[in-house]
Novice: 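Got a structure here, written out as structure tokens. Questions coming.
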There are 2 protein chains.
Amino acid sequence: MTNIDLNVNKARIFCEKKGARFTTLREKVYALLLQQDGAIGAYELLDSLKLTESAAKPATVYRTLDFLLEFGLVHKLESTNAFVACHHFDCNHPVQFLICDSCGEVQEIQSLGLKDTLDKQAMSVGFKVAKQTIEAHGTCAACK
Amino acid sequence: MTNIDLNVNKARIFCEKKGARFTTLREKVYALLLQQDGAIGAYELLDSLKLTESAAKPATVYRTLDFLLEFGLVHKLESTNAFVACHHFDCNHPVQFLICDSCGEVQEIQSLGLKDTLDKQAMSVGFKVAKQTIEAHGTCAACK
DNA sequence: GGATAAGTGTTATTATTTATCAGTCAACTC
DNA sequence: GAGTTGACTGATAAATAATAACACTTATCC
Ligand SMILES: [Zn+2]
Ligand SMILES: [Zn+2]
Ligand SMILES: [Zn+2]
Ligand SMILES: [Zn+2]
């Protein structure tokens with residue numbers, strides 16, 4: 001059983017627990033994202049999906065992504081309009097990304113300290129944070 | 001002399017110092033952004049610009065924004081695809097945003113601590129940060 | 001004043017995302 | 001198990017966001 005299959009199974013169980021339906025389509029899209037090295041755009045994802053779901057349309061992908069985003073199975077990179085599978089959807093983590101502009105690798109980090117720093121900075125001016133977007137572009141260790 | 005005029009003048013001098021041309025078009029666009037409460041999308045900006053530059057097209061706005069972004073006179077909010085004027089372009093600051101989802105206000109903060117925290121987190125996994133995107137959505141002090 | 005580069009006008013196209021309505025399928029009730 | 005309900009998907013269209021390409025104009029430099 002591959003690593004991807006393991007993640008997909010974990011996702012299915014996670015969804016069942018939440019009373020959400022992990023349909024074939026959602027599973028396929030999530031699996032495609034897991035296969036991906038880095039992040040992938042919606043239309044690139046659509047092209048991959050079409051290989052097994054020839055009827056897929058943009059709305060198909062975006063609706064499925066909406067579901068996956070809602071349940072935290074996938075994250076969106078706002079700075080690149082791309083999507084990346086999450087491997088730790090079951091541990092309620094803060095999310096930050098390191099995006100290598102050289103090789104495209106996307107590394108997800110979960111720094112509680114970073115999250116708290118932003119929350120506190122905001123709080124100090126009376127701002128209550130609901131959602132953070134933290135993305136760093138630069139050069140990964142392998143590319144240096 | 002209004003506050004906006006002061007900022008525009010500061011911007012002109014800043015550009016001259018850098019050997020960049022602060023043309024009428026660039027000035028108009030920057031002034032429009034300064035007038036704005038929060039952030040504004042490129043096409044909304046285009047509509048405003050058309051009031052005095054009826055020939056303006058999307059490319060007009062995007063090119064002008066490219067210039068303003070390059071020289072730090074304007075920032076882009078990646079999470080909303082919107083643009084906001086910077087008032088401190090001459091002080092080489094880190095940039096983070098607090099975006100109120102209730103009233104649309106965009107507050108720019110310049111936390112060196114926050115920037116350093118992210119830089120260090122990245123460094124600890126061998127990642128060299130070139131550019132940060134830090135945006136918090138939530139509720140501002142006035143809206144609470 | 002002519003060469004050069006930067007800036008702008010103009011048209012078209014691509015990329016990204018959402019809206020809408022109709023049909024299908026799963027779960028729940030009786 | 002048939003019927004009802006709501007969630008999911010198919011399909012078409014449109015809105016929003018961004019870029020490409022080429023011609024023309026203007027400023028700068030020598
Ligand atoms: Zn994650
Ligand atoms: Zn890399
Ligand atoms: Zn700024
Ligand atoms: Zn507010």
Side-chain angles (χ1 to χ4, degrees), chain A residues 11-12 15-33 39-71 73-84 104 133 135, chain B residues 11-12 15-33 36 38-71 73-84 104 133 135:
Chain A
R12 180 180 299 108
C15 286
E16 279 167 7
K17 246 181 222 161
K18 297 242 177 181
R21 285 169 55 198
F22 197 58
T23 64
T24 308
L25 185 58
R26 291 167 178 174
E27 176 175 328
K28 276 187 180 176
V29 169
Y30 181 60
L32 283 173
L33 284 164
I40 181 176
Y43 275 74
E44 208 181 334
L45 183 58
L46 175 57
D47 287 340
S48 300
L49 183 61
K50 274 181 179 164
L51 298 178
T52 62
E53 293 277 328
S54 56
K57 303 272 180 330
T60 314
V61 164
Y62 279 103
R63 265 194 306 228
T64 308
L65 285 172
D66 280 346
F67 171 87
L68 297 172
L69 287 168
E70 183 184 348
F71 285 88
L73 297 171
V74 162
H75 300 297
K76 178 176 184 184
L77 303 187
E78 299 290 352
S79 62
T80 55
N81 297 318
F83 301 87
V84 60
T133 298
E135 300 172 11
Chain B
R12 179 178 302 107
C15 286
E16 279 167 6
K17 244 181 223 160
K18 297 243 177 179
R21 287 169 54 196
F22 197 57
T23 64
T24 307
L25 185 59
R26 291 166 178 174
E27 177 176 328
K28 277 187 181 177
V29 169
Y30 181 60
L32 283 173
L33 284 164
Q36 207 61 24
I40 182 177
Y43 278 75
E44 207 182 334
L45 182 59
L46 175 57
D47 287 340
S48 299
L49 183 61
K50 274 181 180 167
L51 298 178
T52 61
E53 293 278 329
S54 56
K57 303 271 180 333
T60 314
V61 165
Y62 278 104
R63 265 194 305 228
T64 308
L65 285 172
D66 280 346
F67 171 87
L68 296 172
L69 286 167
E70 182 184 350
F71 284 90
L73 298 171
V74 162
H75 301 297
K76 178 176 183 185
L77 303 187
E78 298 290 353
S79 62
T80 56
N81 297 319
F83 301 87
V84 59
T133 298
E135 300 172 11

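These numbers were taken from a predicted model, which means no experiment stands behind them. Reminder, nothing fancy here: chain letters follow the sequence lines and each chain counts from 1.
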Novice: Atom NZ of A:K76 to atom P of C:dA15: distance rounded to whole Å?
Specialist: 16 Å
Novice: In whole Å, I'd like the distance from the CD1 atom of A:I40 to the C1' atom of C:dT16.
Specialist: 15 Å
Novice: Is the phosphate of D:dA18, meaning OP1 or OP2, less than 4.0 Å from a side-chain N or O of B:Y62?
Specialist: yes
Novice: So how far is it from A:I40 CD1 to A:L77 CG, rounded to the nearest 0.5 Å?
Specialist: 12.0 Å
Novice: In terms of side-chain heavy atoms of B:T23, which of D:dC8, D:dA18, C:dG7 is nearest?
Specialist: C:dG7
Novice: Rounded off to whole Å, could you give me the OH-to-P distance for the A:Y43 and D:dA18 pair?
Specialist: 15 Å
Novice: Rounded to the Å, how far apart are B:K28 NZ and C:dT8 C1'?
Specialist: 13 Å
Novice: What's the spacing between A:T64 OG1 and A:E53 CD if we round to 0.5 Å?
Specialist: 9.0 Å
Novice: Quick one: pull up CD in B:E70 and NZ in B:K18 and give me the separation to the nearest 0.5 Å.
Specialist: 9.5 Å
Novice: Within the side chain of A:K76, is there an N or O that forms a donor-acceptor pair under 3.5 Å with the backbone of A:V74?
Specialist: no
Novice: Could you state the atom-to-atom distance from CD of B:E44 to P of D:dT16 in whole Å?
Specialist: 11 Å
Novice: Once you round to the nearest 0.5 Å, how far does CG of B:N81 lie from CD of A:E78?
Specialist: 8.0 Å
Novice: Name every residue in residues 52-60 of chain A that has at least one heavy atom under 4.0 Å from any atom of DNA chain C, in order of residue number, or write none if there are no such residues.
Specialist: A:P58, A:A59
Novice: Answer yes or no: does a side-chain N or O of A:N81 lie under 4.0 Å from OP1 or OP2 of D:dA17?
Specialist: no
Novice: Let me know the distance between NZ of B:K50 and C1' of C:dT8, rounded to the nearest Å.
Specialist: 16 Å
Novice: Minimum heavy-atom separation for A:L65 and A:L45, please, with both atom names.
Specialist: CD2-CD2, 3.9 Å
Novice: Just how far, in rounded Å, is C1' of C:dA15 from CG of A:L46?
Specialist: 13 Å
Novice: Find the distance between CZ (A:R63) and CZ (A:R26) and round it off to the nearest 0.5 Å.
Specialist: 9.5 Å
Novice: Please give, in whole Å, the distance from D:dT16 P to B:L45 CG?
Specialist: 16 Å
Novice: Between protein and nucleotides 22-30 of chain D, what N or O pairs are separated by less than 3.5 Å?
Specialist:
none

Novice: So do the side chains of B:C15 and B:Y30 get within less than 4.5 Å of each other, counting heavy atoms only?
Specialist: no
Novice: Spell out, as yes or no, whether a donor-acceptor pair under 3.5 Å connects the side chain of A:R12 to the backbone of A:F22.
Specialist: no
